[in-house]
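Presented below is the structure to which this report refers.
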Amino acid sequence: MTVTNPILQGFFMSNAEQQAQAPVQQDENQLIAERRAKLAEWRKTGKAFPNDFQRENTAAKLLDGYSEKTAEELSEMPIEVKVAGRMMLKRVMGKAAFATLQDLSGRIQVYIARDKVSEAVYEDFKHWDLGDIVGVVGVLMKTKVGELTINATEIRLLTKSLRPLPDKFHGLADQELKYRQRYVDLIMNEETRLTFRARSAIVSSIRNYMVGHGFMEVETPMMHPIPGGATAKPFVTHHNALDMQQFLRIAPELYLKRLVVGGFEKVFEINRNFRNEGLSPRHNPEFTMMEFYEAYANYHTLMDFTEGLLRHAAREALGKEVFQYQGRELDLSKPFHRLSICQAIQREQPCFTDEQLADVEFLKTKINAFGEKVKPGGLGSLQLQLFEACAEAQCWEPTFIIDYPVEVSPLARASDSNPEITERFELFIVGREIANGFSELNDAEDQAARFHEQMKAKDAGDEEAMYYDADFIRALEYGLPPTGGCGIGIDRLIMLLTDSPAIRDVILFPSMRPE
RNA sequence: GGGUCGGUAGCUCAGUCGGUAGAGCAGCGGACUUUUAAUCCGUUGGUCCCGAGUUCGAAUCUCGGCCGACCCA
């Protein structure tokens with residue numbers, strides 16, 4: 001029997017076929033076998049994997065609170081503590097041993113003396129492995145060299161770790177394994193832990209900034225009947241109950257604007273977008289965007305607001321607005337540059353005249369000269385292509401590029417002074433696009449016309465062109481107030497603020513080819 | 001899609017001129033009651049990414065493929 005519908009295949013597979021598709025046997029080795037044997041012994045006690053140990057202290061708080069105390073003070077006024085964590089280091093010296101435990105806050109050393117914890121417990125402890133989770137009750141002491149240490153009166157195995165950790169000193173170096181087994185990377189690598197703590201702090205600070213400025217956080221659909229709000233290839237899925245095709249969203253824009261129509265005049269959403277594109281150091285198919293919309297704002301006020309937001313995030317995450325990115329200084333404290341596309345080109349290529357940049361043939365020649373293929377488009381589109389070819393990567397300092405052509409900005413309001421360009425900006429920092437915002441197109445008839453243009457482009461073979469969204473037009477027909485909206489690439493912002501070279505370094509579980 | 005570099009023990013890595021596999025860590029056994037990547041002695045562990053070719057002989061050379069990192073498009 002041949003079943004072509006992939007959704008149904010699972011129902012018709014023979015056992016053999018299902019076996020063939022079952023996950024491959026996990027890699028086993030001598031070290032794992034040894035640990036399994038230890039676990040088997042532990043099970044025989046009937047007390048394996050207990051969950052009755054209540055820890056009362058964390059490593060960092062103990063170090064903060066008691067590192068200043070002298071050995072004498074600690075022995076005169078014994079302080080009993082209960083900690084738990086993963087055993088990262090272990091040094092056994094006959095009848096006493098040291099172990100280093102790692103918990104959410106950091107690491108702390110434990111001293112285990114045979115005559116304190118009993119001979120039986122000490123013998124067990126000697127066979128525990130790096131990576132095991134243990135609980136310790138003890139009193140604080142200072143070692144010879146003054147390191148705050150817990151002198152154990154009780155030590156218990158709480159979780160047996162079956163897999164050996166990477167080299168205790170060199171850690172996990174293999175980039176691919178760091179991404180595929182992020183849990184191991186997090187166990188082994190302080191830098192990775194700090195990056196993702198910073199990510200959490202940055203997102204919180206942005207959220208607080210938005211709420212503090214009167215914005216309301218909302219959640220709009222991740223599954224769209226019509227993908228919209230950006231030009232990108234969508235992921236396609238299927239809703240069984242409604243028997244309909246759905247698309248993972250490429251942007252929340254059209255829903256957020258519907259909310260402004262509804263009277264939620266200041267809204268924002270921080271959530272995932274999905275774009276069916278390749279992977280690169282700057283691209284992950286699912287990535288996090290913040291979009292925000294404010295009625296009665298325009299692209300100028302948006303630029304001001306975005307500048308303030310980024311400074312706030314840097315201050316909250318780093319405590320400063322001037323810092324290093326990949327070895328080069330980045331200064332967010334100075335006013336961000338604001339240049340039109342042509343001004344940005346001329347900044348890099350001062351010999352190009354205004355007349356030349358208005359000459360279609362000149363633009364095509366130069367785009368080719370910079371090694372890019374000329375994509376079809378009008379004057380504005382060619383200017384943008386030349387900017388991308390010769391100037392975009394040079395925007396190290398924060399630079400707003402303004403005046404994007406109408407033909408590549410189907411949702412943006414056209415300029416009153418020049419109907420060929422829009423009231424739109426993109427923000428570039430370290431040569432990368434970080435944000436994109438504009439005065440929203442709130443003329444329902446103009447928007448309908450722009451959608452028709454997009455449909456023509458799609459019919460002509462542009463896979464990324466937009467669909468016609470009739471409900472969105474209907475919403476606009478009820479009346480969208482003059483509004484400004486902006487999207488900020490959160491992953492890329494976090495790359496900047498954590499000095500990370502690749503987007504995969506700031507996404508906990510980046511997209512990977514299957515193992 | 002093109003280029004460069006890489007894939008060897010659980011981890012981090014050596015491996016010369018082509019001569020049949022090494023270290024440190026981890027593990028196992030032993031010594032050791034204040035260590036700091038503890039130390040000392042002994043020891044287990046290999047589909048050298050896969051396939052083909054050249055050769056008496058391939059981790060090593062050649063070709064093809066797979067996977068990854070980086071750069072370019």
Side-chain angles (χ1 to χ4, degrees), chain A residues 24-39 41 63 71 74-75 86-102 106-119 121-123 125-132 138-152 160-181 184-185 187-190 277-283 326 367-368 370-375 385 388-389 392-393 431 500-505 510-515:
Chain A
V24 283
Q25 188 66 37
Q26 292 265 334
D27 47 313
E28 291 283 331
N29 61 49
Q30 187 190 358
L31 299 182
I32 294 173
E34 195 78 50
R35 289 178 178 221
R36 286 195 191 283
K38 291 175 183 177
L39 171 57
E41 284 302 307
L63 292 171
L74 289 172
S75 63
R86 191 180 297 276
M87 186 160 68
M88 301 302 291
L89 294 170
K90 184 184 168 201
R91 297 175 285 276
V92 178
M93 311 160 300
K95 301 180 185 65
F98 286 92
T100 300
L101 298 195
Q102 177 170 294
R107 290 182 171 195
I108 192 160
Q109 180 169 260
V110 179
Y111 179 66
I112 304 103
R114 190 177 68 174
D115 48 19
K116 276 265 176 53
V117 297
S118 89
E119 191 159 342
V121 168
Y122 190 75
E123 282 307 306
F125 165 79
K126 283 205 282 187
H127 294 95
W128 297 347
D129 293 293
L130 296 187
D132 286 352
V139 295
L140 293 178
M141 64 170 224
K142 279 287 182 73
T143 63
K144 274 180 185 168
V145 293
E147 179 173 349
L148 187 73
T149 298
I150 300 168
N151 191 351
K160 184 69 199 164
S161 166
L162 294 174
R163 289 183 172 266
L165 291 176
D167 188 294
K168 66 187 176 188
F169 184 61
H170 297 96
L172 184 63
D174 186 311
Q175 275 293 342
E176 188 186 355
L177 279 185
K178 281 162 68 83
Y179 298 142
R180 284 196 191 280
Q181 301 184 31
V184 179
D185 185 28
I187 291 169
M188 298 307 298
N189 197 337
E190 169 86 20
E277 294 161 0
L279 301 131
S280 90
R282 285 164 294 283
H283 296 88
Q326 301 295 294
I367 292 164
N368 275 321
F370 284 107
E372 302 285 331
K373 277 194 188 137
V374 177
K375 286 169 270 184
Q385 288 178 51
E388 288 170 349
E392 176 176 321
S500 300
I503 198 167
R504 289 178 158 191
D505 296 323
S511 296
M512 303 286 286
R513 192 185 296 272
E515 282 184 71

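In the text below, chain A, chain B and the rest are named by the order of the sequence lines, each starting its count at 1.
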Is the base of B/U35 touched by the side chain of A/Tyr111 through a donor-acceptor pair closer than 3.5 angstrom?
no
Would you please confirm or rule out a distance under 4.0 Å between OP1 or OP2 of B/A38 and any side-chain N or O of A/Arg91?
yes
Tell me every residue that passes salt bridge (charged side-chain N to carboxylate O under 4.0 Å, His left out) with A/Lys126, counting only those two or more places apart in sequence or in another chain.
A/Glu123
Minimum side-chain heavy-atom gap A/Asp505-A/Tyr179 below 4.5 Å
yes
Pairwise C1' distance, B/C63 and B/U44 [rounded to whole Å]
38 Å
Quickly work out the A/Lys95 NZ to B/A31 P distance and round it to whole Å.
9 Å
Whole-Å P distance, B/U55 and B/U62:
16 Å
When rounded to the nearest Å, what value does the distance between C1' atoms of B/C13 and B/A37 take?
16 Å
B/A9: pairing nucleotide in any strand, Watson-Crick or G-U under 3.5 angstrom
none
Write down the distance separating the P atoms in B/G42 and B/U47, rounded off to the nearest Å.
26 Å
Let me spell it out: for each of A/Arg114 and A/Glu34, pick the nucleotide of RNA chain B with the closest heavy atom. Which residue's pick is nearer the 5' end?
A/Glu34
So what does A/Met141 touch, heavy atoms closer than 4.0 Å: a base, only the sugar-phosphate, or nothing?
base
Students often get this wrong, so: under 4.0 angstrom with heavy atoms, is A/Arg504 touching a base, only sugar-phosphate, or nothing?
sugar-phosphate
Take the protein atom CD1 of A/Ile32 and the nucleotide atom P of B/A26, then report the distance between them rounded to whole Å.
17 Å
Can a donor-acceptor pair be found between the side chains of A/Gln102 and A/Arg86 at a distance below 3.5 Å?
no
For the base of B/U35, is there a side-chain donor-acceptor partner from A/Gln109 under 3.5 Å away?
yes
Presence of donor-acceptor pair under 3.5 Å, side chain of A/Thr149 and base of B/U34:
no
What's the gap between B/G30 and B/G46 when it is taken at their P atoms, as a whole Å value?
23 Å
Say you pick atom P in B/G10 and the same atom in B/G6; how far apart are they, in whole Å?
22 Å
Take atom P in B/G19 and the same atom in B/A52, then report the distance between them in whole Å.
22 Å
Whole angstroms only, please: what is the CD-P distance between A/Glu147 and B/U34?
15 Å
If we count only N and O atoms by modelled type, under 3.5 Å, do the side chains of A/Gln109 and A/Thr100 hold a donor and an acceptor together?
no
Mate of B/U39 where both pairing distances stay under 3.5 Å, Watson-Crick or G-U:
B/A31
With both distances under 3.5 angstrom, what nucleotide forms a Watson-Crick or G-U wobble pair with B/U4?
B/A69
Could you state the CZ-C1' distance from A/Arg282 to B/C72, rounded to the nearest angstrom?
11 Å
Which residues pass the side-chain contact (heavy atoms from CB on, under 4.5 Å) test with A/Ile32, not counting sequence neighbours?
A/Glu28, A/Asn29, A/Arg36, A/Arg163, A/Pro164
All salt bridge (charged side-chain N to carboxylate O under 4.0 Å, His left out) counterparts of A/Glu34, not counting sequence neighbours
none
Taking everything shown except A/Lys116 itself, do over 12 heavy atoms lie less than 6.0 Å from its NZ?
no
Distances under 3.5 Å between nitrogen or oxygen atoms of protein and nucleotides 6-11 of chain B:
| from | atom 1 | to | atom 2 | distance (Å) |
| --- | --- | --- | --- | --- |
| B/G10 | O4' | A/Asn29 | ND2 | 2.9 |
| B/C11 | O2' | A/Asp167 | N | 2.8 |
| B/C11 | O2' | A/Gly171 | O | 3.3 |
| B/C11 | O2 | A/Asp167 | OD2 | 3.4 |

With rounding to the closest Å, how many angstrom separate the P atoms on B/G29 and B/A14?
32 Å
Between A/Tyr122 and A/Asp115, a side-chain donor and acceptor under 3.5 Å
no
Distance in angstrom units between A/Met93 CE and B/C32 C1', rounded:
8 Å
May I ask which nucleotide in the shown strands pairs with B/U55, Watson-Crick or G-U wobble, both distances under 3.5 Å?
none
Nearest-Å distance, CG (A/Asn368) to P (B/A73)?
13 Å
Please classify the nucleic acid contact of A/Lys178 as base, sugar-phosphate, or nothing, using heavy-atom distances under 4.0 Å.
nothing
side-chain contact (heavy atoms from CB on, under 4.5 Å) with A/Pro281: which residues, sequence neighbours excluded?
A/Ala502
More 5' along RNA chain B: A/Gly94 or A/Arg35, using each one's nearest nucleotide?
A/Arg35
Whole-Å distance separating the CH2 atom of A/Trp128 from the P atom of B/A26:
19 Å
Candidates B/A38, B/C28, B/U35 - which lies nearest the side chain of A/Leu89
B/A38
Please give, in whole Å, the distance from B/A73 C1' to A/Glu277 CD?
16 Å
Candidate nucleotides B/U33, B/U36, B/G27, ranked by approach to the side chain of A/Lys38 - the nearest
B/G27
For A/Arg180, which residues count as a salt bridge (charged side-chain N to carboxylate O under 4.0 Å, His left out) partner, sequence neighbours excluded?
A/Glu176
